[in-house]
Amino acid sequence: MTHEDKLKLLPKTPGVYFHKSNSGEVIYVGKAAVLRNRVRQYFQKSRIHDPKTDALVAETVDTEWIEVETELDALFLEAEMIRRYMPRYNILLRDDKSCVYVRIDHKSEHPTVLYTRRPLDDQASYYGPYYSRYAVVRALKYLRKAFPYSTHSPTAIPKRACLQAHLGLCPGLESGMTPLPMYRKNLQNIVKYLKGERQKVVKDLEKEMKAAAQAEDFEKAAKIRNQLFALKNLHRQIIFSDKEFMDISKDKGLSGLQSILNLSHIPRRIEGYDISHMSGTDNVASMVVFKNGIPAKPEYRKFKMRLQGNNDFAHMHEVISRRLSEKNVKAWGLPTLFLIDGGKGQLASAIQARNELGHLSIPMIGLAKREEEIIVSKEASNVVIDTKKLHAFNAIITESDDFISVLLPLQSDIVKLLQRIRDESHRFAVSYHSVLKRNRQTVSWLDEVPTIGPTTRKKLLRTFGSVRGVIQARDEELTRLIGTSRATILKQYIRAQKRAAKAGIL
């Protein structure tokens with residue numbers, strides 16, 4: 001089938017499309033509200049393009065696509081696929097530096113909904129990534145009419161109801177317009193929407209409205225009715241999901257992985273693991289979760305290593321042992337596939353831990369950094385390497401007594417998927433390691449302040465973001481947060497820190 005014939009099959013649905021070069025490399029990923037209209041525009045001779053787009057069209061010899069349910073689903077999927085394939089023309093044609101995340105600090109005494117391009121390890125929850133900030137902000141703007149939320153900075157909470165509160169868009173916690181438990185419930189409903197549980201939200205609200213009406217609490221029933229009305233006005237283009245919104249059989253990375261490993265099912269839940277430390281100190285491990293090839297960030301986990309020293313093999317054994325403890329298996333379930341960052345030694349240690357906990361049937365492979373080799377244990381990885389299938393993927397196979405190394409072309413969909421998971425696990429491990437290192441270096445003086453216990457210390461760090469933020473906080477902010485007496489003592493220590501920093505002691 002020629003490229004022109006293939007374009008005639010484009011559907012009139014939202015989706016993500018992939019332009020490919022003659023070598024099969026994905027050179028551009030885009031999203032569309034209507035795939036047929038958007039993709040065909042590239043190849044209309046009468047349409048005038050800029051030089052970069054003309055170069056893209058000239059190099060494109062094939063186009064593939066994935067259909068999704070909504071425009072916002074396409075937005076999310078586009079972001080993930082760009083991160084996976086890193087297409088050359090996305091870098092050339094786009095100005096955005098990074099994706100945007102929705103940040104919700106559920107545990108705060110005044111929770112807010114904000115946007116950021118750089119998620120931090122600050123106990124807040126992050127949802128995304130989304131490639132277009134404009135689209136996400138617009139979606140939440142409409143969702144705010146059903147579930148009001150605050151956008152105030154944690155360090156600038158107003159003393160009385162703001163204009164948005166009077167318009168019904170902000171909970172007005174500062175003036176008691178909405179009780180905190182009710183506000184937290186609104187945030188939970190927003191999160192359900194972000195996770196694709198829109199139908200459940202509507203059903204729960206309908207049940208709650210009927211119960212309120214039967215109890216003759218007509219004011220509450222009317223409020224819920226207005227929420228339902230606002231939700232129904234969103235229509236499909238405002239709803240987005242990080243659940244199973246795409247046909248994963250069309251994800252060539254997942255289907256290819258299933259094929260070369262001879263898995264009985266497509267690996268729907270892949271968990272990636274990495275170790276991070278600095279000369280044997282602040283040892284941490286990360287666990288990232290990819291569901292249907294998409295990161296499930298709320299299910300990421302981090303581990304502070306109990307075993308000290310510079311021993312990646314022992315640390316990998318520890319983290320897999322803790323992951324597969326009875327408590328964690330019950331809470332998190334089991335993965336379809338383990339991906340270990342490292343070579344034969346790390347993989348062997350992870351397999352040993354898995355076997356000791358009695359989960360021998362879970363497939364486990366490694367990914368070595370130097371050549372991006374897939375490492376498989378002949379006896380214990382619980383996968384079957386079919387050399388005939390691998391030759392179809394242009395793979396180079398190397399065998400030793402106990403292991404098989406599979407080297408695929410770097411542009412392979414399988415390699416791109418595994419790289420994405422490995423890089424994400426590395427990023428998450430390094431970010432946690434950096435937090436521990438920074439806390440060890442800077443939090444010690446705050447621990448020594450009389451009357452500032454663990455609860456108050458957490459409140460300060462959560463509100464001001466860091467020890468540096470506490471030092472820079474205004475006196476009235478500290479007093480309002482922790483009271484006059486404790487603030488007076490804390491300010492004495494802050495002044496001492498400032499003097500030490502000025503003198504070059506810190």
Side-chain angles (χ1 to χ4, degrees), residues 101-116 119-127 140-195 197-198 200-209 211-212 215 217-228 230-231 298 452-465 469-470 473-474 476-484 486-487:
Y101 295 82
V102 178
R103 179 188 183 274
I104 304 180
D105 52 340
H106 297 276
K107 298 180 181 179
S108 171
E109 294 182 359
H110 194 115
T112 56
V113 177
L114 302 171
Y115 308 97
T116 181
L120 301 174
D121 190 6
D122 56 0
Q123 297 186 338
S125 297
Y126 292 86
Y127 304 93
L140 282 179
K141 177 182 176 182
Y142 286 104
L143 196 57
R144 193 177 187 184
K145 296 178 181 178
F147 305 116
Y149 57 80
S150 172
T151 58
H152 298 300
S153 169
T155 58
I157 304 298
K159 295 182 179 180
R160 54 186 177 183
C162 63
L163 175 61
Q164 299 295 328
H166 290 295
L167 294 175
L169 300 176
C170 180
L173 289 179
E174 55 280 348
S175 59
M177 293 177 65
T178 304
L180 183 58
M182 183 181 296
Y183 176 40
R184 291 191 190 279
K185 190 173 182 179
N186 280 345
L187 292 180
Q188 290 172 2
N189 283 325
I190 291 175
V191 170
K192 287 178 183 177
Y193 256 79
L194 293 173
K195 291 184 175 182
E197 301 174 15
R198 42 192 176 266
K200 188 177 187 302
V201 173
V202 172
K203 288 181 180 179
D204 289 346
L205 287 175
E206 288 175 343
K207 289 180 181 179
E208 193 175 348
M209 182 179 66
D217 189 348
F218 299 115
E219 183 178 351
K220 181 179 180 181
K223 189 171 183 178
I224 298 173
R225 178 204 62 201
N226 293 339
Q227 286 181 313
L228 286 167
L231 291 179
I452 304 295
T455 301
T456 304
R457 188 163 57 249
K458 287 180 181 178
K459 184 188 295 185
L460 286 164
L461 294 175
R462 187 165 58 238
T463 301
F464 300 109
V470 174
R474 295 192 295 270
E476 57 270 22
E477 292 176 337
L478 293 172
T479 301
R480 184 167 62 246
L481 184 66
I482 62 175
T484 303
R486 282 186 290 186

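Sequential numbering from 1 along the given sequence is applied to the chain's residues. A quick note: this is a predicted structure, and the numbers were derived from the prediction, not measured.
Legend: residues meeting side chain to side chain contact (heavy atoms under 4.5 Å, CB included) with Thr455, ordered by chain and number and at least two apart, are absent. Glu109 meets the salt bridge (charged side-chain N to carboxylate O under 4.0 Å, His left out) test with Lys459; sequence neighbours excluded.
Expressed to the nearest 0.5 Å, how far CG of Leu460 lies from NZ of Lys458 amounts to 13.0 Å. Here OH of Tyr115 is found 8.5 Å from OG1 of Thr151. Values are rounded to the nearest 0.5 Å. Considering CG of Leu173 and NE2 of His110, their distance stands at 5.0 Å, rounded to 0.5 Å. In this structure, Arg144 CZ and Gln164 CD are separated by 5.0 Å, a value rounded to the nearest 0.5 Å.
A donor-acceptor contact shorter than 3.5 Å is absent between the side chain of Asp105 and the backbone of Ala124. Between the side chain of Arg225 and the main chain of Met209, no donor-acceptor pair closer than 3.5 Å is present. Counting only distance, with no hydrogens or angles, the side chain of Arg184 and the backbone of His106 share a donor-acceptor pair below 3.5 Å. Looking at Tyr126, its side chain never comes within 3.5 Å of a backbone N or O of Thr116 through a donor-acceptor pair.
Between Thr178 and Tyr183, the shortest heavy-atom distance links the atoms CG2-N, 4.0 Å. In plain terms, the two heavy atoms of Pro111 and Ser150 that are nearest each other are O-CB, 3.7 Å. Listed here is the closest heavy atom pair of His152 and Thr112: O-CG2, 3.0 Å.
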| field | Verdict with reasoning, Leu481 to Thr456, per side chain to side chain contact (heavy atoms under 4.5 Å, CB included) | value | CA-CA 9 Å; Leu481 184 66; Thr456 304; over 6 Å; no
| task | Evaluate the criterion side chain to side chain contact (heavy atoms under 4.5 Å, CB included) for residue pair Ile190 and Val102; output intermediate values, then yes/no. | result | CA-CA 11 Å; Ile190 291 175; Val102 178; over 6 Å; no
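Screening Asn186, Ile104, Val113 against Val191 for a side-chain contact (heavy atoms from CB on, under 4.5 Å) leaves a single residue, Ile104.
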